[in-house]
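Treat the numbers as computed from the prediction; the structure is a model and nothing was measured.
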Amino acid sequence: MKITVLGKYGPYPAADGACSGYLVEDGNSKIVLDMGCGVLSRLMKYVDIQDIDCIFISHLHNDHTSDLLPLRYYLEEKGLKMNIVTAVQDDDDYAYFHKLFDGDEFNVISIDESKEISIGDLSLSFYKMHHTTLTYGVKIKGSRVVAYTADSMYCENVDKLFEGSDMVIADISKQYGVNCPHMNTKIGKELAGKYSAKIIASHIGANYNPSEEYENIYNIEIATEMKQYEV
């Protein structure tokens, strides 16, 4: 199983950076986790868009979804259709996405915690996270097990994602003492001590990098854009 970091920043990118986006490959199966700004052009460097099995959208914030619109233009031009795995909502916040997904370019697969779906050779299960809007993390089981917390404060489902995982892409990059709806470096260290999984610290702020905080933590690595990780 291989993970490629397409974008690591949030809520906006650093110069020459991109917001959240990760490519997961296992055998012939290819899944993209989130589609933040700058992700689409980088994705095209690694795979043919028509070879992607699905795109998982963890939540509706722009730093995780903004490249869905240019993707729709691309799909329309090429006559292609893409599977979108996300939690469909029937409220005002979702109105833009109802319009975006209303067409022949997207096939939306709605998820919640009760569902487990198979995509190619992979099995996906979903966990509701603790964020400012409805957000799901995902655990992907194939030749290895990879989990993605998406954006979240600490909650019980963070532990469920870590349990049994070989690698976790985790939102643990905020400075300790800063009040925000994400996990901080103190929590990151606690998770690293509790679990043996390789942890890729995600959702990096453009003006704060937690590398010094994690310098001596052997199983945490700060996400590096365009780097590929073998699981």
* Heavy-atom pair of closest approach, residues V168 and S165 -> CG2-CB, 3.8 Å
* Asked: Are the aromatic ring centres of F126 and Y136 under 6.0 angstrom apart?
  -> no
* Could you pull out the closest heavy-atom pair between M129 and S152, with the gap in Å? => CB-OG, 3.4 Å
* Heavy atoms from other residues, nucleotides or ligands near CG of N28 exceed 12 (cutoff 6.0 Å) -> no
* Side-chain donor or acceptor of K139 paired with backbone N/O of Y127 under 3.5 Å -> no
* For the residue pair Y154 and N184, confirm or rule out a side-chain donor-acceptor distance under 3.5 Å. => no
* **Under-4.0 Å salt bridge between D112 and K128** => no
* Asked: Crowded around K78 NZ? As in, over 12 foreign heavy atoms under 6.0 Å?
  -> no
* Judged by modelled atom types alone, do S143 and D26 share a side-chain donor-acceptor pair under 3.5 Å? -> yes
* Asked: Would you say Y73 has more than 12 foreign heavy atoms packed within less than 6.0 Å of its OH?
  -> no
* **Close aromatic pair by centroid cut-off 6.0 Å: Y148 and Y22** => yes
* Mark yes when over 12 heavy atoms from residues, nucleotides or ligands other than D51 sit less than 6.0 Å from its CG; otherwise mark no. => yes
* If only atom types and distance count, is the side chain of D63 paired as donor or acceptor with the main-chain N or O of G36 below 3.5 Å? -> no
* Asked: Would you find a donor on one side and an acceptor on the other, under 3.5 Å apart, between the side chain of T86 and the backbone of I57?
  -> yes
* **Carboxylate-amine/guanidinium contact E221 K227, below 4.0 Å** => yes
* **Side-chain donor or acceptor of R144 paired with backbone N/O of V231 under 3.5 Å** => yes
* Asked: If you round to the nearest 0.5 Å, how far is CG of N219 from NZ of K189?
  -> 12.5 Å
* How far does CD1 of I84 sit from CG of L71, to the nearest 0.5 angstrom? -> 6.5 Å
* Asked: Is a side-chain N or O of D53 found less than 3.5 angstrom from the main chain of I31, in a donor-acceptor match?
  -> no
* Asked: Looking only at atom types and distance, does a side-chain atom of R72 sit under 3.5 Å from a main-chain N or O of L100, one as donor and one as acceptor?
  -> yes
* Asked: Cut-off 3.5 Å, side chains only: do Q175 and T185 have a donor facing an acceptor?
  -> no
* How about K198: does its NZ atom have over 12 heavy atoms from other parts shown lying under 6.0 Å from it? -> yes
* Applying ring pair (Phe, Tyr, Trp, His ring centres under 6.0 Å) between H203 and each of H61, H131, H59, H182, report the one that passes. => H182
* To do: Evaluate whether atom OH of Y208 has more than 12 neighbouring non-hydrogen atoms of other residues, nucleotides or ligands under 6.0 angstrom away.
  => yes
* Aromatic ring pairing Y94/H98, orientation class (parallel under 30°, perpendicular over 60°, tilted between) -> perpendicular
* Under 3.5 Å, side chain of S173 to main-chain N/O of D171, donor-acceptor pair present? -> no
